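Okay, so here's the structure we're looking at.
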Amino acid sequence: QVQLVESGGGLVQAGGSLRLSCAASGRTFSSYVMGWFRQAPGKEREFVAAISGSSSTTRYADPVKGRFTISRDIAKKTVYLQINSLKPEDTAVYYCAAKARYGISSLERVYDYWGQGTQVTVSS
């Protein structure tokens with residue numbers, strides 16, 4: 001079992017930055033693919049970014065490329081999402097997810113564990 005707890009969300013002005021954190025429990029954190037997803041009001045949850053267990057591979061959704069950076073700290077069992085140049089359309093609940101099986105993915109259905117989410121609100 002893996003438990004995920006997100007933090008770092010908040011209210012920020014457009015153009016600002018935030019760093020989201022996701023703390024994981026469990027002994028095999030380094031073997032999990034970790035992902036970030038988001039759900040805006042009235043919309044379906046969508047993929048944001050993912051990182052492989054070794055951090056050698058990352059993947060980003062097109063709307064966030066160049067602005068978002070995913071990283072992980074194995075020792076701290078934490079995955080981060082650095083968000084720069086925030087836009088009002090980035091407003092959403094951001095979820096952290098863990099995938100036990102090998103292979104980075106943007107598909108929500110293949111992730112096994114989910115956090116409770118952290119709210120990011122961007123004002124214009």
Side-chain angles (χ1 to χ4, degrees):
Q1 278 283 359
V2 175
Q3 290 186 329
L4 304 172
V5 179
E6 301 97 332
S7 61
L11 174 63
V12 64
Q13 289 187 334
S17 298
L18 281 175
R19 188 175 79 158
L20 307 183
S21 299
C22 173
S25 66
R27 297 182 178 181
T28 57
F29 172 74
S30 60
S31 68
Y32 284 86
V33 171
M34 300 298 296
W36 285 96
F37 292 76
R38 66 184 182 184
Q39 187 169 20
K43 295 186 177 181
E44 294 186 351
R45 190 155 57 185
E46 64 178 3
F47 170 75
V48 174
I51 188 167
S52 63
S54 65
S55 301
S56 60
T57 304
T58 58
R59 183 179 297 177
Y60 296 93
D62 286 343
V64 309
K65 284 181 180 177
R67 298 190 297 122
F68 290 21
T69 304
I70 189 171
S71 62
R72 66 195 297 164
D73 185 324
I74 300 298
K76 295 183 178 179
K77 295 184 179 180
T78 300
V79 62
Y80 303 100
L81 187 68
Q82 178 68 42
I83 308 175
N84 298 327
S85 303
L86 276 158
K87 303 176 181 180
E89 52 264 43
D90 293 321
T91 294
V93 177
Y94 283 72
Y95 296 91
C96 173
K99 175 177 175 292
R101 300 182 75 174
Y102 179 81
I104 199 168
S105 177
S106 60
L107 297 176
E108 179 179 345
R109 59 180 170 83
V110 303
Y111 284 80
D112 303 291
Y113 305 100
W114 292 83
Q116 82 289 348
T118 186
Q119 176 72 48
V120 172
T121 303
V122 184
S123 63
S124 57

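Computed from a predicted structure; not experimentally measured.
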For residues Ser21 and Trp36, report the shortest heavy-atom separation together with the two atoms involved. O-CH2, 3.7 Å
Is there a chain of hydrophobic side chains (I, L, V, M, F, W, Y, each step under 4.5 Å between heavy atoms) that links Val12 to Leu20? yes
Are Asp62 and Lys65 close enough for a salt bridge, meaning some N to O gap below 4.0 Å? yes
Minimum heavy-atom separation for Val2 and Ser25, please, with both atom names. CG1-O, 3.6 Å
What orientation do Trp114 and Phe37 show, parallel under 30°, tilted 30 to 60°, or perpendicular over 60°? tilted
Answer yes if Val48 and Val110 sit in the same cluster of Ile, Leu, Val, Met, Phe, Trp and Tyr residues linked by side chain heavy atoms under 4.5 Å apart, and no otherwise. no
Working to the nearest 0.5 Å, report the span between CD of Gln119 and OG1 of Thr91. 7.0 Å
Shortest non-hydrogen pair, Val79 vs Met34, comes out as CG1-CE, 3.9 Å
Working to the nearest 0.5 Å, report the span between OG of Ser123 and CD of Gln13. 5.0 Å
Nearest 0.5 angstrom please: Ser124 OG to Glu89 CD, how far? 10.0 Å
Glu108 side chain reached by Glu44 side chain, heavy atoms, under 4.5 Å: no
If only atom types and distance count, is the side chain of Ser56 paired as donor or acceptor with the main-chain N or O of Ser54 below 3.5 Å? no
Can you give me the closest heavy-atom contact between Arg67 and Ser85, atom names plus distance? NH1-O, 3.0 Å
Output the distance between atom SG (Cys22) and atom CG (Leu81), rounded to the nearest 0.5 Å. 10.5 Å
Tell me if a side-chain donor or acceptor on Gln82 pairs with a main-chain N or O of Arg19 at a distance below 3.5 Å. no
Could Arg72 and Phe29 be counted as a cation-pi pair, given that NZ or CZ must be under 6.0 Å from the ring centre and within 45° of the axis? yes
Please find the pair of heavy atoms, one from Val122 and one from Leu86, that lie closest to each other, and give the distance. CG2-CD2, 3.8 Å
Is there a side-chain contact between Val120 and Arg38 in this structure, where contact means two heavy atoms from C-beta onward sitting under 4.5 Å apart? no
So how far is it from Leu4 CG to Lys77 NZ, rounded to the nearest 0.5 Å? 12.0 Å
Using the rule that two of Ile, Leu, Val, Met, Phe, Trp, Tyr join whenever any of their side-chain heavy atoms come within less than 4.5 Å, decide whether Tyr102 and Ile104 are in one cluster. no
Whether over 12 other heavy atoms sit under 6.0 Å from Gln116 CD: yes
Ala14 and Pro88 have their tightest heavy-atom pair at CB-CD, 4.2 Å
hydrophobic_cluster_shared for Phe68 and Leu18, side chain cutoff 4.5 Å: yes
Gln39 side chain near Tyr95 side chain, heavy-atom distance below 4.5 Å: yes
Under 3.5 Å donor-acceptor, Tyr60 side chain and Ile70 backbone: yes
Examine Tyr111 and Tyr113 and state if one hydrophobic cluster contains both, with Ile, Leu, Val, Met, Phe, Trp and Tyr joined whenever side-chain heavy atoms are less than 4.5 Å apart. no
